[in-house]
Amino acid sequence: MHQVITTFLSPHDFRVALPNVWAGFQVNLKLMVVAEALVLVLALAIAVIRGLPGRGARPLRALMIVYTDFFRGTPLILVAFVVGFGMPALNIGLVNNRSNFTYGVIALTLVYTAYVTEVYRAGIESVHPSQRMAARSLGLNYAQSMRYVVIPQAVRRVIPPLLNDFIGLQKDTALVSVIGVAEAALQSQGYSQTYANFTSYTVAAVFFVLLTIPLARFTDHLILVRERRERATAV
Amino acid sequence: MSANGQASFVDVRNVSKRFGDLEVLKHVSLDVAEHNVVCLIGASGSGKSTLLRCINLLEQVDEGSIVVDGQEVTDGSIDVNALRRKIGIVFQAYNLFPHMTVLDNVTLAPRKVRRARQREARDTALELLQRIGLADKADEFPDRLSGGQQQRVAIVRALAMEPKLMLLDEITSALDPQLVSEVLSLVRELAETGMTMVIATHEMSFAKEVADKVCFLDAGVICEEGHPAQIFSEPREPRTREFLARVIEAGRM
(Lines give C-alpha, C1' and ligand atoms only; values in the text may rest on other atoms or scores of the structure.)
Protein backbone atom coordinates (compact mmCIF):
# COMPACT_ATOMS: atom_id res chain seq x y z
CA MET A 1 0.00 0.00 0.00
CA HIS A 2 2.80 2.32 0.95
CA GLN A 3 4.43 1.56 -2.37
CA VAL A 4 1.29 2.45 -4.26
CA ILE A 5 1.13 5.80 -2.51
CA THR A 6 4.76 6.69 -3.11
CA THR A 7 4.58 5.61 -6.74
CA PHE A 8 1.31 7.29 -7.75
CA LEU A 9 0.39 9.69 -4.98
CA SER A 10 3.59 11.06 -3.56
CA PRO A 11 2.97 14.57 -2.22
CA HIS A 12 6.56 15.55 -2.92
CA ASP A 13 6.42 14.45 -6.55
CA PHE A 14 3.02 16.04 -6.89
CA ARG A 15 4.48 19.42 -5.98
CA VAL A 16 7.56 19.03 -8.17
CA ALA A 17 5.68 17.78 -11.24
CA LEU A 18 2.87 20.31 -10.94
CA PRO A 19 4.39 23.32 -12.78
CA ASN A 20 5.41 21.33 -15.86
CA VAL A 21 2.19 19.39 -16.05
CA TRP A 22 0.20 22.58 -15.62
CA ALA A 23 2.18 24.17 -18.44
CA GLY A 24 1.34 21.11 -20.52
CA PHE A 25 -2.30 21.21 -19.53
CA GLN A 26 -2.58 24.75 -20.81
CA VAL A 27 -1.64 23.36 -24.20
CA ASN A 28 -4.51 20.85 -23.83
CA LEU A 29 -6.85 23.72 -23.11
CA LYS A 30 -5.73 25.58 -26.20
CA LEU A 31 -5.99 22.47 -28.38
CA MET A 32 -9.48 21.90 -27.06
CA VAL A 33 -10.75 25.44 -27.59
CA VAL A 34 -9.32 25.84 -31.08
CA ALA A 35 -10.36 22.38 -32.26
CA GLU A 36 -13.85 22.64 -30.76
CA ALA A 37 -14.48 26.01 -32.40
CA LEU A 38 -13.46 24.60 -35.77
CA VAL A 39 -15.47 21.42 -35.21
CA LEU A 40 -18.68 23.28 -34.35
CA VAL A 41 -18.54 25.35 -37.52
CA LEU A 42 -17.30 22.70 -39.96
CA ALA A 43 -19.62 19.97 -38.69
CA LEU A 44 -22.65 22.21 -39.08
CA ALA A 45 -21.60 23.05 -42.63
CA ILE A 46 -21.17 19.38 -43.48
CA ALA A 47 -24.46 18.41 -41.87
CA VAL A 48 -26.24 21.06 -43.95
CA ILE A 49 -24.50 19.92 -47.14
CA ARG A 50 -25.50 16.32 -46.43
CA GLY A 51 -29.12 17.45 -46.21
CA LEU A 52 -29.11 19.45 -49.46
CA PRO A 53 -32.00 18.48 -51.73
CA GLY A 54 -31.88 17.66 -55.39
CA ARG A 55 -29.81 15.73 -57.86
CA GLY A 56 -27.27 18.48 -58.40
CA ALA A 57 -26.01 18.20 -54.84
CA ARG A 58 -25.52 14.45 -55.09
CA PRO A 59 -21.73 14.44 -55.59
CA LEU A 60 -21.32 16.89 -52.71
CA ARG A 61 -23.49 14.75 -50.45
CA ALA A 62 -21.55 11.64 -51.43
CA LEU A 63 -18.26 13.34 -50.68
CA MET A 64 -19.44 14.29 -47.20
CA ILE A 65 -20.66 10.76 -46.53
CA VAL A 66 -17.27 9.36 -47.51
CA TYR A 67 -15.58 11.87 -45.23
CA THR A 68 -17.72 11.13 -42.17
CA ASP A 69 -17.61 7.36 -42.67
CA PHE A 70 -13.85 7.42 -43.02
CA PHE A 71 -12.99 9.61 -40.06
CA ARG A 72 -15.56 8.11 -37.74
CA GLY A 73 -14.04 4.72 -38.39
CA THR A 74 -10.38 5.65 -38.08
CA PRO A 75 -8.74 5.75 -34.62
CA LEU A 76 -7.63 9.25 -33.68
CA ILE A 77 -4.12 8.02 -32.98
CA LEU A 78 -3.75 6.87 -36.59
CA VAL A 79 -5.04 10.17 -37.89
CA ALA A 80 -2.60 11.96 -35.59
CA PHE A 81 0.30 9.93 -36.98
CA VAL A 82 -0.71 10.53 -40.57
CA VAL A 83 -1.25 14.25 -40.05
CA GLY A 84 1.67 14.88 -37.71
CA PHE A 85 4.29 12.88 -39.55
CA GLY A 86 2.79 12.59 -43.02
CA MET A 87 1.88 16.20 -43.72
CA PRO A 88 5.37 17.52 -43.00
CA ALA A 89 6.70 14.98 -45.48
CA LEU A 90 4.54 16.46 -48.18
CA ASN A 91 6.19 19.08 -50.24
CA ILE A 92 3.28 21.47 -50.05
CA GLY A 93 4.06 24.91 -48.70
CA LEU A 94 0.78 25.29 -46.89
CA VAL A 95 0.99 22.13 -44.80
CA ASN A 96 4.58 20.93 -44.56
CA ASN A 97 6.00 23.43 -42.15
CA ARG A 98 3.53 23.84 -39.29
CA SER A 99 3.96 23.41 -35.57
CA ASN A 100 3.06 20.14 -33.89
CA PHE A 101 0.28 22.07 -32.18
CA THR A 102 -1.27 22.87 -35.56
CA TYR A 103 -1.04 19.23 -36.68
CA GLY A 104 -2.66 18.24 -33.42
CA VAL A 105 -5.54 20.63 -34.02
CA ILE A 106 -5.95 19.33 -37.57
CA ALA A 107 -6.08 15.69 -36.43
CA LEU A 108 -8.57 16.39 -33.64
CA THR A 109 -10.73 18.51 -35.93
CA LEU A 110 -10.81 15.92 -38.71
CA VAL A 111 -11.98 13.17 -36.39
CA TYR A 112 -14.38 15.11 -34.17
CA THR A 113 -16.00 16.96 -37.07
CA ALA A 114 -17.08 13.57 -38.38
CA TYR A 115 -18.73 12.70 -35.07
CA VAL A 116 -20.36 16.06 -34.53
CA THR A 117 -21.73 16.13 -38.08
CA GLU A 118 -23.87 13.16 -37.14
CA VAL A 119 -25.09 14.91 -34.01
CA TYR A 120 -26.15 17.97 -35.98
CA ARG A 121 -27.75 15.79 -38.62
CA ALA A 122 -29.86 14.01 -36.04
CA GLY A 123 -30.91 17.43 -34.72
CA ILE A 124 -31.86 18.72 -38.15
CA GLU A 125 -33.86 15.60 -38.88
CA SER A 126 -35.68 15.87 -35.57
CA VAL A 127 -37.27 19.18 -36.58
CA HIS A 128 -40.73 18.28 -37.84
CA PRO A 129 -41.20 18.68 -41.61
CA SER A 130 -44.23 20.88 -40.94
CA GLN A 131 -41.86 23.56 -39.62
CA ARG A 132 -40.00 23.62 -42.91
CA MET A 133 -43.30 23.59 -44.76
CA ALA A 134 -44.58 26.56 -42.76
CA ALA A 135 -41.40 28.49 -43.47
CA ARG A 136 -41.44 27.72 -47.18
CA SER A 137 -45.11 28.57 -47.50
CA LEU A 138 -44.37 32.04 -46.09
CA GLY A 139 -42.07 32.58 -49.07
CA LEU A 140 -38.75 31.86 -47.35
CA ASN A 141 -36.38 30.06 -49.68
CA TYR A 142 -34.56 26.84 -48.77
CA ALA A 143 -31.53 28.58 -47.29
CA GLN A 144 -33.62 31.05 -45.29
CA SER A 145 -35.87 28.37 -43.86
CA MET A 146 -32.80 26.39 -42.78
CA ARG A 147 -31.10 29.47 -41.36
CA TYR A 148 -34.01 30.94 -39.41
CA VAL A 149 -36.31 28.02 -38.69
CA VAL A 150 -34.69 24.59 -38.88
CA ILE A 151 -31.11 25.07 -37.67
CA PRO A 152 -31.89 27.19 -34.59
CA GLN A 153 -34.30 24.51 -33.39
CA ALA A 154 -31.93 21.69 -34.30
CA VAL A 155 -28.98 23.23 -32.48
CA ARG A 156 -30.99 23.84 -29.32
CA ARG A 157 -31.98 20.21 -29.25
CA VAL A 158 -28.49 18.79 -29.67
CA ILE A 159 -26.65 20.94 -27.14
CA PRO A 160 -26.43 18.11 -24.55
CA PRO A 161 -24.96 15.55 -26.99
CA LEU A 162 -22.65 18.26 -28.34
CA LEU A 163 -21.35 18.85 -24.84
CA ASN A 164 -20.77 15.10 -24.45
CA ASP A 165 -18.62 15.08 -27.55
CA PHE A 166 -16.88 18.14 -26.22
CA ILE A 167 -15.91 16.17 -23.11
CA GLY A 168 -14.57 13.40 -25.35
CA LEU A 169 -12.54 15.91 -27.29
CA GLN A 170 -11.12 17.36 -24.09
CA LYS A 171 -9.73 13.99 -23.08
CA ASP A 172 -8.53 13.08 -26.53
CA THR A 173 -6.33 16.15 -26.69
CA ALA A 174 -3.90 13.99 -24.67
CA LEU A 175 -3.61 11.60 -27.62
CA VAL A 176 -1.82 14.10 -29.80
CA SER A 177 1.16 13.74 -27.48
CA VAL A 178 2.13 10.94 -29.87
CA ILE A 179 3.22 13.51 -32.43
CA GLY A 180 5.21 15.47 -29.91
CA VAL A 181 2.76 18.15 -28.77
CA ALA A 182 4.08 19.12 -25.34
CA GLU A 183 0.74 18.74 -23.55
CA ALA A 184 0.02 17.40 -20.07
CA ALA A 185 0.36 13.68 -20.85
CA LEU A 186 3.70 14.16 -22.55
CA GLN A 187 4.95 16.35 -19.70
CA SER A 188 3.86 13.71 -17.20
CA GLN A 189 5.67 11.05 -19.17
CA GLY A 190 8.83 13.16 -19.17
CA TYR A 191 8.68 13.51 -15.40
CA SER A 192 8.00 9.83 -14.78
CA GLN A 193 10.87 8.77 -17.00
CA THR A 194 13.30 11.15 -15.28
CA TYR A 195 12.32 10.46 -11.67
CA ALA A 196 10.91 6.92 -11.95
CA ASN A 197 7.70 8.09 -10.27
CA PHE A 198 4.20 8.10 -11.74
CA THR A 199 2.60 10.78 -9.58
CA SER A 200 2.94 13.18 -12.52
CA TYR A 201 0.26 11.18 -14.34
CA THR A 202 -2.01 11.59 -11.35
CA VAL A 203 -1.46 15.33 -11.55
CA ALA A 204 -2.52 15.33 -15.20
CA ALA A 205 -5.53 13.14 -14.42
CA VAL A 206 -6.64 15.57 -11.71
CA PHE A 207 -6.55 18.44 -14.16
CA PHE A 208 -8.61 16.56 -16.71
CA VAL A 209 -11.18 15.44 -14.18
CA LEU A 210 -11.50 18.92 -12.69
CA LEU A 211 -12.24 20.25 -16.14
CA THR A 212 -14.68 17.50 -17.07
CA ILE A 213 -16.85 17.43 -13.96
CA PRO A 214 -18.33 20.93 -14.29
CA LEU A 215 -19.06 20.32 -17.96
CA ALA A 216 -20.71 17.00 -17.21
CA ARG A 217 -22.89 18.55 -14.49
CA PHE A 218 -23.78 21.42 -16.80
CA THR A 219 -24.88 18.91 -19.45
CA ASP A 220 -27.03 17.06 -16.89
CA HIS A 221 -28.56 20.37 -15.89
CA LEU A 222 -29.46 21.26 -19.47
CA ILE A 223 -31.04 17.86 -20.05
CA LEU A 224 -33.09 18.23 -16.87
CA VAL A 225 -34.28 21.71 -17.78
CA ARG A 226 -35.39 20.50 -21.16
CA GLU A 227 -37.20 17.48 -19.77
CA ARG A 228 -39.09 19.71 -17.38
CA ARG A 229 -39.97 22.11 -20.15
CA GLU A 230 -41.19 19.33 -22.39
CA ARG A 231 -43.25 17.80 -19.64
CA ALA A 232 -44.80 21.18 -18.94
CA THR A 233 -45.83 21.73 -22.53
CA ALA A 234 -47.03 18.20 -23.23
CA VAL A 235 -50.80 18.37 -23.35
CA MET B 1 -64.46 32.33 -66.04
CA SER B 2 -66.32 31.39 -62.95
CA ALA B 3 -70.02 30.79 -62.73
CA ASN B 4 -70.98 34.34 -61.82
CA GLY B 5 -69.10 35.83 -64.76
CA GLN B 6 -66.13 37.21 -62.85
CA ALA B 7 -62.64 36.33 -64.02
CA SER B 8 -61.36 33.56 -61.79
CA PHE B 9 -58.55 34.26 -59.38
CA VAL B 10 -57.72 30.60 -58.92
CA ASP B 11 -58.32 28.29 -61.83
CA VAL B 12 -57.71 24.62 -61.20
CA ARG B 13 -57.99 22.61 -64.42
CA ASN B 14 -58.21 18.87 -64.55
CA VAL B 15 -55.66 18.28 -61.79
CA SER B 16 -54.60 14.80 -60.77
CA LYS B 17 -52.24 13.87 -58.00
CA ARG B 18 -50.94 10.48 -56.94
CA PHE B 19 -48.99 9.38 -53.90
CA GLY B 20 -47.55 6.09 -55.04
CA ASP B 21 -50.52 3.90 -55.97
CA LEU B 22 -53.01 6.14 -54.23
CA GLU B 23 -54.80 8.58 -56.50
CA VAL B 24 -55.59 11.48 -54.18
CA LEU B 25 -57.01 13.87 -56.76
CA LYS B 26 -58.71 12.71 -59.95
CA HIS B 27 -59.21 15.32 -62.67
CA VAL B 28 -60.29 18.02 -60.29
CA SER B 29 -61.37 21.40 -61.67
CA LEU B 30 -62.19 24.37 -59.50
CA ASP B 31 -62.81 28.07 -60.01
CA VAL B 32 -62.40 30.70 -57.35
CA ALA B 33 -63.45 34.24 -58.21
CA GLU B 34 -61.66 37.17 -56.64
CA HIS B 35 -63.05 38.17 -53.23
CA ASN B 36 -64.95 34.92 -53.02
CA VAL B 37 -64.82 32.28 -50.34
CA VAL B 38 -64.87 28.66 -51.44
CA CYS B 39 -65.29 25.93 -48.86
CA LEU B 40 -64.10 22.39 -49.48
CA ILE B 41 -66.02 19.80 -47.49
CA GLY B 42 -65.73 16.04 -47.44
CA ALA B 43 -64.43 13.19 -45.32
CA SER B 44 -60.83 13.01 -44.17
CA GLY B 45 -58.70 11.66 -46.99
CA SER B 46 -61.01 12.98 -49.70
CA GLY B 47 -58.25 15.22 -51.08
CA LYS B 48 -59.13 18.62 -49.58
CA SER B 49 -55.72 19.27 -48.06
CA THR B 50 -53.85 17.97 -51.06
CA LEU B 51 -55.81 20.31 -53.32
CA LEU B 52 -54.87 23.29 -51.12
CA ARG B 53 -51.24 22.24 -51.06
CA CYS B 54 -51.12 21.93 -54.81
CA ILE B 55 -52.29 25.53 -55.15
CA ASN B 56 -49.24 26.94 -53.38
CA LEU B 57 -46.92 24.23 -54.70
CA LEU B 58 -46.27 22.47 -51.44
CA GLU B 59 -47.25 19.51 -53.62
CA GLN B 60 -46.56 19.11 -57.34
CA VAL B 61 -49.48 18.09 -59.50
CA ASP B 62 -49.05 15.07 -61.75
CA GLU B 63 -51.50 16.26 -64.38
CA GLY B 64 -53.50 19.35 -65.20
CA SER B 65 -52.80 23.01 -64.53
CA ILE B 66 -53.41 25.61 -61.84
CA VAL B 67 -53.48 29.33 -62.56
CA VAL B 68 -53.35 31.82 -59.68
CA ASP B 69 -53.79 35.54 -60.38
CA GLY B 70 -53.05 35.02 -64.05
CA GLN B 71 -49.87 33.06 -63.40
CA GLU B 72 -49.60 29.39 -64.21
CA VAL B 73 -48.16 27.89 -61.05
CA THR B 74 -47.81 24.43 -62.54
CA ASP B 75 -45.40 25.81 -65.13
CA GLY B 76 -42.03 24.46 -63.95
CA SER B 77 -40.19 27.74 -64.48
CA ILE B 78 -42.24 29.78 -62.02
CA ASP B 79 -40.52 31.52 -59.07
CA VAL B 80 -42.00 29.44 -56.27
CA ASN B 81 -41.03 31.86 -53.52
CA ALA B 82 -42.55 34.83 -55.32
CA LEU B 83 -45.79 32.89 -55.81
CA ARG B 84 -45.97 31.91 -52.14
CA ARG B 85 -45.56 35.53 -51.10
CA LYS B 86 -49.04 36.24 -52.36
CA ILE B 87 -50.62 33.07 -51.04
CA GLY B 88 -51.03 32.67 -47.30
CA ILE B 89 -51.67 29.21 -45.89
CA VAL B 90 -52.72 28.22 -42.37
CA PHE B 91 -52.43 24.64 -41.16
CA GLN B 92 -54.39 22.45 -38.82
CA ALA B 93 -51.45 22.19 -36.41
CA TYR B 94 -50.70 25.97 -36.44
CA ASN B 95 -47.00 25.29 -37.14
CA LEU B 96 -45.80 28.40 -35.34
CA PHE B 97 -42.03 28.53 -34.86
CA PRO B 98 -41.57 27.45 -31.24
CA HIS B 99 -38.14 29.07 -30.81
CA MET B 100 -39.39 32.54 -31.70
CA THR B 101 -41.63 34.96 -29.88
CA VAL B 102 -45.09 35.66 -31.26
CA LEU B 103 -43.81 38.95 -32.67
CA ASP B 104 -40.83 37.31 -34.40
CA ASN B 105 -43.11 34.65 -35.84
CA VAL B 106 -45.16 37.38 -37.46
CA THR B 107 -42.27 39.59 -38.63
CA LEU B 108 -39.91 36.89 -39.92
CA ALA B 109 -41.27 36.64 -43.46
CA PRO B 110 -41.83 40.40 -43.95
CA ARG B 111 -38.26 41.07 -42.82
CA LYS B 112 -36.51 38.28 -44.68
CA VAL B 113 -38.66 37.83 -47.75
CA ARG B 114 -40.06 41.31 -48.38
CA ARG B 115 -37.03 43.01 -46.85
CA ALA B 116 -39.23 45.27 -44.75
CA ARG B 117 -37.39 47.36 -42.19
CA GLN B 118 -37.36 45.97 -38.67
CA ARG B 119 -39.32 48.92 -37.35
CA GLU B 120 -41.93 48.84 -40.07
CA ALA B 121 -42.40 45.05 -39.80
CA ARG B 122 -42.77 45.38 -36.04
CA ASP B 123 -45.38 48.12 -36.27
CA THR B 124 -47.44 46.21 -38.79
CA ALA B 125 -47.22 43.04 -36.73
CA LEU B 126 -48.27 44.80 -33.53
CA GLU B 127 -51.18 46.40 -35.34
CA LEU B 128 -52.33 43.00 -36.58
CA LEU B 129 -51.89 41.45 -33.14
CA GLN B 130 -53.83 44.35 -31.68
CA ARG B 131 -56.66 43.59 -34.05
CA ILE B 132 -56.95 40.05 -32.73
CA GLY B 133 -56.48 41.19 -29.15
CA LEU B 134 -53.09 39.54 -28.67
CA ALA B 135 -50.76 42.52 -28.68
CA ASP B 136 -49.94 41.82 -25.04
CA LYS B 137 -48.67 38.36 -26.05
CA ALA B 138 -46.19 39.75 -28.58
CA ASP B 139 -43.15 38.82 -26.52
CA GLU B 140 -44.41 35.42 -25.36
CA PHE B 141 -43.33 32.16 -26.91
CA PRO B 142 -46.04 30.19 -28.70
CA ASP B 143 -46.17 27.41 -26.09
CA ARG B 144 -47.53 29.95 -23.59
CA LEU B 145 -50.62 30.52 -25.74
CA SER B 146 -53.83 28.52 -25.99
CA GLY B 147 -54.54 26.62 -29.20
CA GLY B 148 -57.03 29.23 -30.34
CA GLN B 149 -54.55 32.02 -29.70
CA GLN B 150 -51.80 30.15 -31.52
CA GLN B 151 -54.03 29.57 -34.50
CA ARG B 152 -55.00 33.24 -34.64
CA VAL B 153 -51.32 34.17 -34.52
CA ALA B 154 -50.73 31.75 -37.40
CA ILE B 155 -53.43 33.52 -39.40
CA VAL B 156 -51.92 36.90 -38.63
CA ARG B 157 -48.47 35.58 -39.56
CA ALA B 158 -49.81 34.73 -43.00
CA LEU B 159 -51.63 38.08 -43.26
CA ALA B 160 -48.45 40.00 -42.49
CA MET B 161 -47.23 39.14 -45.99
CA GLU B 162 -50.32 40.86 -47.41
CA PRO B 163 -51.42 37.83 -49.43
CA LYS B 164 -54.01 38.08 -52.17
CA LEU B 165 -55.26 34.57 -51.43
CA MET B 166 -55.60 32.64 -48.19
CA LEU B 167 -55.72 28.86 -47.97
CA LEU B 168 -57.05 27.49 -44.69
CA ASP B 169 -56.44 23.80 -44.11
CA GLU B 170 -58.86 22.52 -41.44
CA ILE B 171 -57.66 25.21 -39.11
CA THR B 172 -60.10 24.44 -36.32
CA SER B 173 -59.80 20.65 -36.35
CA ALA B 174 -57.13 20.53 -33.64
CA LEU B 175 -58.91 22.98 -31.34
CA ASP B 176 -61.03 22.41 -28.27
CA PRO B 177 -64.67 23.21 -29.13
CA GLN B 178 -64.75 26.35 -26.97
CA LEU B 179 -61.75 27.77 -28.88
CA VAL B 180 -63.20 27.22 -32.33
CA SER B 181 -65.41 30.28 -32.39
CA GLU B 182 -62.62 32.80 -31.73
CA VAL B 183 -60.77 31.47 -34.77
CA LEU B 184 -63.86 31.33 -36.96
CA SER B 185 -64.86 34.88 -36.15
CA LEU B 186 -61.44 36.04 -37.31
CA VAL B 187 -61.94 34.16 -40.58
CA ARG B 188 -65.40 35.71 -40.88
CA GLU B 189 -63.88 39.18 -40.53
CA LEU B 190 -61.39 38.32 -43.23
CA ALA B 191 -64.17 37.23 -45.54
CA GLU B 192 -65.95 40.53 -44.90
CA THR B 193 -62.87 42.49 -45.95
CA GLY B 194 -63.05 40.71 -49.30
CA MET B 195 -60.15 38.31 -48.90
CA THR B 196 -60.19 35.53 -51.48
CA MET B 197 -60.12 32.26 -49.58
CA VAL B 198 -60.20 28.54 -50.13
CA ILE B 199 -61.13 26.79 -46.91
CA ALA B 200 -61.00 23.07 -46.19
CA THR B 201 -63.29 22.56 -43.21
CA HIS B 202 -65.44 20.22 -41.16
CA GLU B 203 -67.44 23.13 -39.73
CA MET B 204 -70.56 22.84 -41.85
CA SER B 205 -72.58 25.65 -40.34
CA PHE B 206 -69.61 27.95 -40.77
CA ALA B 207 -69.23 26.90 -44.40
CA LYS B 208 -72.92 27.51 -44.94
CA GLU B 209 -72.67 30.99 -43.52
CA VAL B 210 -69.41 32.24 -45.03
CA ALA B 211 -69.00 30.46 -48.37
CA ASP B 212 -69.93 31.79 -51.78
CA LYS B 213 -69.48 28.28 -53.08
CA VAL B 214 -69.20 24.88 -51.46
CA CYS B 215 -67.47 21.90 -53.06
CA PHE B 216 -68.02 18.40 -51.78
CA LEU B 217 -65.01 16.17 -52.37
CA ASP B 218 -65.31 12.43 -52.31
CA ALA B 219 -62.39 10.07 -53.02
CA GLY B 220 -60.41 12.68 -54.93
CA VAL B 221 -63.29 13.93 -57.06
CA ILE B 222 -65.39 17.07 -56.73
CA CYS B 223 -68.65 15.23 -56.48
CA GLU B 224 -70.89 18.26 -56.25
CA GLU B 225 -70.43 22.01 -56.08
CA GLY B 226 -72.80 24.86 -55.71
CA HIS B 227 -74.23 27.60 -53.55
CA PRO B 228 -74.19 26.65 -49.87
CA ALA B 229 -77.96 26.97 -49.62
CA GLN B 230 -78.40 24.42 -52.35
CA ILE B 231 -75.66 21.99 -51.20
CA PHE B 232 -76.80 21.93 -47.60
CA SER B 233 -80.57 21.93 -48.09
CA GLU B 234 -81.09 20.11 -51.38
CA PRO B 235 -77.95 18.20 -52.36
CA ARG B 236 -78.33 16.55 -55.75
CA GLU B 237 -75.78 13.78 -55.47
CA PRO B 238 -76.56 10.71 -53.36
CA ARG B 239 -73.02 10.73 -51.94
CA THR B 240 -73.37 14.34 -50.81
CA ARG B 241 -76.65 13.48 -49.14
CA GLU B 242 -75.07 10.50 -47.42
CA PHE B 243 -72.11 12.58 -46.21
CA LEU B 244 -74.32 15.37 -44.87
CA ALA B 245 -76.60 12.87 -43.17
CA ARG B 246 -73.59 11.45 -41.34
CA VAL B 247 -72.45 14.93 -40.38
CA ILE B 248 -75.86 15.75 -38.95
CA GLU B 249 -75.91 12.46 -37.12
CA ALA B 250 -72.56 13.33 -35.53
CA GLY B 251 -74.08 16.60 -34.35
CA ARG B 252 -71.70 18.74 -36.33
CA MET B 253 -74.25 20.91 -38.03
Side-chain angles (χ1 to χ4, degrees), chain A residues 40 44 47-48 51-57 119-163 222-235, chain B residues 49 52-53 55-59 79-100 104-116 141-147 150 153-163 165-169 174-176:
Chain A
L40 286 176
L44 182 57
V48 169
L52 284 178
R55 245 158 206 255
V119 174
Y120 276 131
R121 228 161 58 87
I124 289 172
E125 275 166 20
S126 78
V127 176
H128 199 271
S130 63
Q131 285 287 309
R132 214 176 289 215
M133 198 169 65
R136 295 305 303 273
S137 67
L138 284 167
L140 273 73
N141 60 32
Y142 179 84
Q144 287 171 324
S145 56
M146 287 300 282
R147 161 78 182 76
Y148 299 110
V149 175
V150 178
I151 290 172
Q153 293 185 60
V155 169
R156 273 177 183 76
R157 280 179 207 185
V158 298
I159 285 173
L162 281 180
L163 286 174
L222 285 182
I223 292 172
L224 196 73
V225 165
R226 195 174 57 180
E227 270 176 5
R228 259 193 222 135
R229 200 187 138 109
E230 275 169 7
R231 222 173 295 145
T233 53
V235 207
Chain B
S49 292
L52 290 184
R53 280 158 203 231
I55 294 175
N56 79 341
L57 287 181
L58 285 176
E59 301 288 355
D79 178 350
V80 178
N81 299 314
L83 169 81
R84 288 181 183 147
R85 253 171 263 171
K86 51 183 180 187
I87 304 178
I89 184 164
V90 184
F91 304 96
Q92 178 176 347
Y94 338 131
N95 299 356
L96 292 178
F97 307 130
H99 62 299
M100 290 182 189
D104 289 340
N105 262 281
V106 180
T107 59
L108 178 70
R111 279 186 292 129
K112 302 303 173 192
V113 180
R114 265 206 345 242
R115 308 255 162 232
F141 285 88
D143 63 2
R144 309 282 300 168
L145 273 57
S146 75
Q150 290 191 49
V153 171
I155 295 173
V156 157
R157 177 173 73 175
L159 290 177
M161 288 299 282
E162 293 167 11
L165 169 69
M166 286 284 276
L167 309 172
L168 308 184
D169 189 3
L175 293 176
D176 290 342

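Below, chains carry the letters A, B, ... as their sequence lines are ordered, and counting in each starts from 1.
Looking only at side-chain heavy atoms (C-beta outward), B:L145 and B:Y94 stay at 4.5 Å or farther from each other. For the pair A:L162 and A:Y120, the minimum side-chain heavy-atom distance is below 4.5 Å. Using a 4.5 Å heavy-atom threshold, the side chains of B:D143 and B:Q150 count as separate. With a 4.5 Å cut-off on side-chain heavy atoms, B:P142 and B:V153 do not count as touching. A:Y142 places a side-chain heavy atom less than 4.5 Å from the side chain of A:P53. For the pair B:R84 and B:L58, the minimum side-chain heavy-atom distance is below 4.5 Å.
The two residues B:F141 and B:P98 have their closest heavy-atom pair at CD2-O, 3.6 Å. The minimum heavy-atom distance linking A:R156 with A:P152 is given by the pair NH1-O, 3.0 Å. Residue B:L52 comes nearest to B:L168 through the heavy atom pair CD1-O, 3.4 Å, listed as atom of the first residue, atom of the second, then distance. What you find for A:A57 and A:L52 is that their closest heavy atoms are CB-CB, 3.8 Å. Among all heavy-atom pairs drawn from A:S137 and A:A134, the shortest one is OG-O, 3.0 Å. Considering all non-hydrogen atoms of both residues, A:L138 and B:M161 come closest at O-CE, 3.7 Å.
Contacts between B:R53 and chain A at a heavy-atom distance below 4.5 Å involve the side chain alone, from C-beta outward. Using a 4.5 Å cut-off between heavy atoms, B:F91 contacts chain A through its side chain alone, with no backbone atom that close. For B:I87, the part lying near chain A is the backbone, with the side chain staying farther off; criterion is any non-hydrogen pair under 4.5 Å. For chain A, the nearby part of B:N56 is the side chain; its heavy atoms alone come within less than 4.5 Å. Of the two parts of B:L96, only the backbone, made up of N, CA, C and O, holds a non-hydrogen atom closer than 4.5 Å to a non-hydrogen atom of chain A.
Listed options B:R157, B:R85, B:M100, B:R144 were ranked by heavy-atom pairs under 4.5 angstrom with chain A; first place goes to B:R157.
Using non-hydrogen atoms only and a strict 4.5 Å limit, the part of residues 107-115 of chain B facing chain A consists of B:L108, B:A109, B:K112, B:V113, B:R115. Chain B is approached within less than 4.5 Å, heavy atom to heavy atom, by A:Q144, A:Y148, A:V149 from residues 144-151 of chain A, ordered by number.
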